[in-house]
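We name chains A, B, ... by the order of the sequence lines, and we start the count at 1 in each one.
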There are 2 protein chains.
Amino acid sequence: MQYSKATNYALHSMVFLALIPKEKTIGVRPLAEFQNVSPTYLSKVLTNLVKAGFIQSTPGVKGGYQLIKDTTDITLLEIIHAIEGSATLFNCRLNNNDLHDHHHCLIQEVMEEAEKKMENHLKKQTLQGIVKQVDKNKMSYLLSKSV
Amino acid sequence: MQYSKATNYALHSMVFLALIPKEKTIGVRPLAEFQNVSPTYLSKVLTNLVKAGFIQSTPGVKGGYQLIKDTTDITLLEIIHAIEGSATLFNCRLNNNDLHDHHHCLIQEVMEEAEKKMENHLKKQTLQGIVKQVDKNKMSYLLSKSV
DNA sequence: ATATTATAGATACATTAAATCTATAATTAG
DNA sequence: CTAATTATAGATTTAATGTATCTATAATAT
């Protein structure tokens with residue numbers, strides 16, 4: 001079980017977008033090249049981020065993508081959910097006739113508790129938290145490409 | 001992203017096995033019927049649990065599977081790892097030439113922290129914890145089939 | 001010796017992620 | 001207004017992986 005490549009691209013793209021001046025836009029081409037992925041595929045991922053309200057897209061010359069939400073108001077969990085959806089990681093698949101709906105699965109209960117621990121942590125991790133660290137390292141984030 | 005059906009089967013099978021008398025064995029057939037899965041497929045899952053050292057298998061008449069470890073000494077995390085492996089949920093897939101190994105990914109760092117929260121919780125959840133609850137409910141676990 | 005049960009290997013099937021292609025719409029520049 | 005640029009949508013293809021089946025083999029009990 002692993003997070004999808006799409007989620008990978010989404011998270012890295014968001015960090016990238018957070019690092020460029022807010023009034024500027026950036027095209028899908030450089031974003032894709034940076035991540036070694038085809039622009040057409042990445043654009044589909046980015047569209048999900050647009051629909052989630054994190055970024056804005058403008059077509060045409062000088063168009064591209066840009067953040068429209070404050071980095072302190074975007075959590076990693078939200079980004080992940082925008083791509084992966086928000087279904088629970090574990091779902092009891094016992095479909096026994098005798099199993100009634102109100103009989104909740106004890107295993108599922110525990111698994112959901114565990115997942116919540118992870119989510120609670122990711123809920124506290126804002127995009128700003130990542131970006132801040134990049135600056136702190138005093139490395140040219142874009143040049144080193146070590147996002 | 002979701003845990004595999006195999007993990008589902010493994011967890012439920014372990015609870016089932018924990019509920020039968022320790023000296024008795026149970027064949028793959030009833031275990032499979034209980035979970036609405038083919039015996040041949042479930043046996044492959046169970047073999048992984050054998051290799052992990054949780055259960056024992058004996059061929060032949062009156063053979064089958066049985067627990068060989070104490071329920072207080074088996075955690076849900078261990079069972080999950082026996083099926084899913086222990087790779088991290090998130091892996092930075094940026095493979096830029098300019099990216100050196102020692103440049104660790106900030107996103108990955110956070111994601112691993114988050115995953116650890118979940119794992120720490122599952123590490124504390126023993127098979128006994130589940131089984132105990134089943135008894136507490138005073139329901140015939142096997143009859144109600146509401147694992 | 002026979003019936004029973006697990007295991008291993010090969011294979012097939014199904015689902016989903018990942019990626020590509022084409023056409024369309026929106027925007028800017030000239 | 002026209003041409004170039006850029007994002008979007010839809011259909012389609014490819015690849016990867018999870019799920020499942022089949023057959024043969026080995027081990028055990030009666």
Counting only heavy atoms not in A/Lys117, do more than 12 fall under 6.0 Å of its NZ? no

Are any side-chain N or O atoms of A/Gln108 and backbone N or O atoms of A/Phe90, one a donor and one an acceptor, separated by less than 3.5 Å? yes

Note: for A/Lys51 and B/Thr40 on DNA chain D, the residue whose nearest nucleotide lies more 5' is A/Lys51

In this structure, how many angstroms lie between the P atom of D/dT6 and the CG atom of A/Leu42, rounded? 15 Å

B/Tyr9 side chain near D/dA20 phosphate (N/O to OP1/OP2, under 4.0 Å): yes

Spacing between B/Asn48 atom CG and C/dA6 atom P, to the nearest angstrom: 15 Å

Nearest to side-chain heavy atoms of A/Val28, which nucleotide of D/dA20, C/dT7, D/dA7: D/dA7

To the nearest Å, give me how far apart CG (A/Leu46) and C1' (D/dT6) are. 13 Å

Go through residues 1-8 of chain A and report each residue with a non-hydrogen atom lying under 4.0 Å from DNA chain C, sorted by number. A/Ser4, A/Lys5, A/Ala6

For A/Ser43, answer base if it contacts any base atom (sugar-phosphate contacts may also be present), sugar-phosphate if it contacts only those atoms, and nothing otherwise; contact means non-hydrogen atoms under 4.0 Å. base

So do A/Met111 and B/Tyr3 actually touch side chain to side chain, heavy atoms under 4.5 Å? yes

Write down the distance between CG (B/Leu31) and P (C/dT5), rounded to a whole number of angstrom. 13 Å

Under 3.5 Å, is there a donor-acceptor pair linking the side chains of B/Glu84 and B/Ser4? yes

What side-chain donor-acceptor pairs closer than 3.5 Å can you find for residues 42-55 of chain A, not counting sequence neighbours?
from    : atom 1 : to      : atom 2 : distance (Å)
A/Ser43 : OG     : A/Thr40 : O      : 2.7
A/Thr47 : OG1    : A/Ser43 : O      : 2.8

Heavy-atom side-chain proximity of B/Thr71 to B/Thr126 below 4.5 angstrom: no

Does NZ in A/Lys116 sit with more than 12 non-hydrogen atoms of other residues, nucleotides or ligands closer than 6.0 Å? no

For B/Asp70, side chain to side chain donor-acceptor pair (under 3.5 Å) partners two or more places apart: B/Thr72

Is any N or O donor-acceptor pair between the side chain of B/Lys44 and the base of D/dG18 shorter than 3.5 Å? no

Is the number of heavy atoms from other residues, nucleotides or ligands within 6.0 Å of NZ (B/Lys22) greater than 12? yes

What N/O pairs connect the protein and nucleotides 12-16 of chain C at under 3.5 Å? Give each pair on its own line.
none

Nearest whole Å is fine: how far is D/dT6 C1' from A/Arg29 CZ? 8 Å

Interatomic distance where CD1 belongs to B/Ile55 and C1' belongs to C/dT5 [whole Å]: 14 Å

Figure out the CD1/C1' separation between A/Ile26 and D/dT5, and round it to whole Å. 16 Å

Stepwise side-chain hydrogen bond (donor to acceptor under 3.5 Å, both in side chains) test for B/Thr75 and B/Gln125: CA-CA 5 Å; B/Thr75 71; B/Gln125 307 298 319; over 6 Å; no

Side-chain (B/Gln2) to main-chain (A/Leu89) donor-acceptor, under 3.5 angstrom: no

Assign each of A/Pro39 and A/Pro59 to its nearest nucleotide of DNA chain C by heavy atoms, then name whichever residue's nucleotide is nearer the 5' end. A/Pro39

The side chain of A/Ser38 is closest to which nucleotide in this list: C/dA19, C/dA8, D/dA20? C/dA19

Side chains of A/Ile26 and A/Phe16, heavy atoms from C-beta outward: is any pair under 4.5 Å? yes

Any side-chain heavy-atom pair from A/Lys123 and A/Asn120 closer than 4.5 angstrom? yes

Give the angle between the helix axes at the two ends of the helix from C/dA1-D/dT30 to C/dG30-D/dC1, taking five base pairs at each end and rounding to 10°. 10°

Verify the contact: side-chain N or O of B/Ser57 to OP1 or OP2 of C/dT7, cut-off strictly under 4.0 Å; return yes or no. yes

If we only count heavy atoms from C-beta on, is the A/Thr58 to A/Tyr65 side-chain gap below 4.5 Å? no

I need the residues from residues 61-70 of chain A with at least one non-hydrogen atom less than 4.0 Å from DNA chain C; give them sorted by number, or say none. A/Val61

From OH of B/Tyr41 across to P of D/dG18 the rounded distance in Å is 9 Å

For B/Gln66 and B/Thr25, test the side chains for any donor-to-acceptor distance below 3.5 angstrom and give the result as yes or no. no

